[in-house]
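Since the structure comes first, as structure tokens, the remarks are kept for the end.
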Amino acid sequence: METFSGYRREDGRIGVRNRVAVLPTSVAASAVADRIAANGGPRVTATPHQMGTEQPEPARRRTERVLAGIGRNPNVGGALVVELGTEGADASAIADEIAAADTPVETLSIRDAGGTRATVDRGRETVDALLEEAARARLETADASELVFGVECGGSDATSGIAANPAVGNACDRLVEAGGTSCFSETPEFIGAEHILAERCVDESVRERLIECVERRESVADLMGVDLRGTQPTPGNQEGGLTTIEEKSLGAIAKGGTTPIRDVIDYADPLPIGGGLVVMDTPGYDVESVVGKVAGGAQVIAFTTGRGSTTGNPIAPVIKVTGNPQTAERMATNMDVDASTVLDGESVEAVGERVYETLLSVADGTRTEAERRGMAEFAINELQPRELASLGDPT
């Protein structure tokens, strides 16, 4: 049986890390949240982000949903929600959502506490208490079927679609076979290959949902004056050897593996445990897309890159996989799995097994290179004014 040691939560879920998260409700509280976390030690992490104090209501609800999802991620053993005190986003409502998952949570207002210095002092006291609560979590053996694995790609090149992405896809297949959940996303990168994905959906309603997501992403881009088919591959992708959007999309979808698509869910919606392969409708922006999956409950992320990437996440460990031998050598201290051996003849299945073994090892506590270097980017996908006007209320 494939197992790992994790932190059993009160609601039965299992975390692969036992962090205390400091969650600012706006950019105005982000620097303070960062300072509180910096004073709290290595198990405390902040999620500073760019969202303002005032947002249109659908955008505000998305921000609240993402922050609540992050606080409910099983890797979080305690959460502190920090607000300036003038935000539209409701810190108490976010805390209530987090508490519903039986996660210890507190709130702190910078205005009520008496300004920055007082908030940092009180934040440290609160974080110390949350660390004590988190330390009570039971560490026990868990089955691979309890893992929710998110996969992402960025800085793709010609090696991504033939080495790193298929290898990660093979690891997804192995996890689904073991009873777990794999999730891939980045809807704009389905364009040109959506008909292939549609054929893999388990039923007509899932198929319609997938096609609807692709068409909506493309129509919203049109509203903003962006021709997705004309702007992809990006100049960076082209420099890496990709020539068409279809070529890029066919490579991108390989990271989801080959099993049937069981469901299509919205950005940051909860991911099922034991749910097989699930698609999440996210933007193509790497950091925002990863945050959506972590807010949905992914405990571990795999990130494939050809041209190179340093990205990580404050809540979920990020396993970096490259199929480019030059990137594997030049950025060895950022990469966890060298999949470029596929180019020399090693089978995708053999590299996929290495990725899967790395997933289980990281779930068992092995730190990724991004964790070792403190890489922890965080950003929330913002609904744009034209998108809001055209879609009404997509949340």
Side-chain angles (χ1 to χ4, degrees), residues 1-21 42-43 45 69-79 98-105 130-152 168 170-184 257 259 262-263 265 269-278 280 290 293-303 312-319 321 336-337 352-368 370-371:
M1 181 177 292
E2 297 151 342
T3 61
F4 64 96
S5 295
Y7 299 90
R8 183 68 65 188
R9 303 304 179 193
E10 291 293 328
D11 66 355
R13 296 176 305 153
I14 195 87
V16 305
R17 298 292 184 268
N18 196 24
R19 305 193 197 283
V20 168
R43 288 174 49 207
T45 187
I70 292 294
R72 288 196 305 267
N73 186 293
N75 292 352
V76 174
I98 296 170
D102 294 324
T103 302
V105 59
L130 289 168
L131 283 168
E132 289 184 15
E133 291 249 17
R136 298 192 184 103
R138 291 173 292 150
L139 188 61
E140 63 179 57
T141 300
D143 189 82
S145 62
E146 297 187 74
L147 283 175
V148 179
F149 185 36
V151 298
E152 183 79 19
V168 168
N170 183 270
C172 286
D173 288 349
R174 292 171 188 271
L175 181 61
V176 169
E177 184 178 356
T181 301
S182 293
C183 173
F184 74 115
T259 60
R262 317 265 342 154
D263 203 357
I265 64 175
D269 270 359
L271 285 159
I273 297 170
L277 181 63
V278 176
M280 179 179 283
V290 167
K293 291 188 280 288
V294 176
Q299 302 117 312
V300 184
I301 300 290
F303 191 109
N313 180 271
I315 304 300
V318 176
I319 300 168
V321 183
D336 298 282
V337 179
E353 184 173 3
R354 282 200 280 124
V355 175
Y356 187 59
E357 288 172 352
T358 302
L359 164 63
L360 292 174
S361 176
V362 167
D364 201 45
T366 299
R367 290 197 300 165
T368 64
E371 287 180 295

Are more than 12 heavy atoms from other residues, nucleotides or ligands located less than 6.0 Å from atom CD of Glu177? no

Shortest non-hydrogen contact from Asp364 toward Ser5: OD1-N, 2.7 Å

By the definition side chain to side chain contact (heavy atoms under 4.5 Å, CB included), identify the one residue from Asn75, Ile315, Val318 that meets it with Val294. Ile315

Rounding to 0.5 Å, atoms CG (Leu277) and SG (Cys183) come to a distance of 8.0 Å

About how many Å separate CG of Leu271 and CG of Asp263, when rounded to the nearest 0.5 Å? 9.5 Å

Any carboxylate oxygen within less than 4.0 angstrom of a Lys/Arg side-chain nitrogen, looking at Asp11 and Arg9? no

Between CZ of Phe4 and CD1 of Ile14, what distance do you get to the nearest 0.5 Å? 5.5 Å

Contact summary for Ala135 and Arg43, nearest pair of heavy atoms: N-NH2, 4.1 Å

How about Ile319 and Val355: do any of their side-chain heavy atoms sit closer than 4.5 Å? no

Go through the steps for Val168 and Val337 under the test side chain to side chain contact (heavy atoms under 4.5 Å, CB included), then give the verdict. CA-CA 10 Å; Val168 168; Val337 179; over 6 Å; no

So, taking the atom named CD1 in Ile70 and the one named CG in Asn313, what distance separates them when rounded to the nearest 0.5 Å? 6.5 Å

Atom of Asn170, atom of Glu353 and distance for their closest heavy-atom approach: OD1-N, 3.9 Å

Could you report the tightest heavy-atom contact between Ala178 and Asp143, atom names first, then the distance? O-OD2, 4.1 Å

Salt-bridged, Glu146 to Arg8, with N to O below 4.0 Å? yes

Counting heavy atoms not belonging to Glu357, are there more than 12 under 6.0 Å from its CD? yes

Value for OG1 (Thr103) from CD (Glu133), rounded to nearest 0.5 Å, stands at 10.5 Å

Shortest non-hydrogen pair, Gly77 vs Pro104, comes out as O-CD, 3.4 Å

Charged N-O contact under 4.0 Å between Arg17 and Glu371: yes

Donor-acceptor pair, side chain of Thr181 and main chain of Pro272, under 3.5 angstrom: yes

Mind checking whether Phe149 and Cys172 have side chains closer than 4.5 Å, heavy atoms only? yes

Nearest atoms (heavy-atom pairs only) where Gly352 meets Arg174: C-NE, 3.8 Å

Do Val16 and Val362 have side-chain heavy atoms sitting under 4.5 Å apart? no

Return the set of residues passing side-chain hydrogen bond (donor to acceptor under 3.5 Å, both in side chains) with Thr366 (not counting sequence neighbours), or none when no residue passes. Ser361

Matching residue for Val148 among Val278, Asn73, Ile273 - test: side chain to side chain contact (heavy atoms under 4.5 Å, CB included): Ile273

To the closest 0.5 Å, what do you measure between CD (Gln299) and CZ (Arg13)? 8.5 Å

Main chain of Ala100, side chain of Arg72: is a donor-acceptor contact present, judged purely on distance under 3.5 Å? no

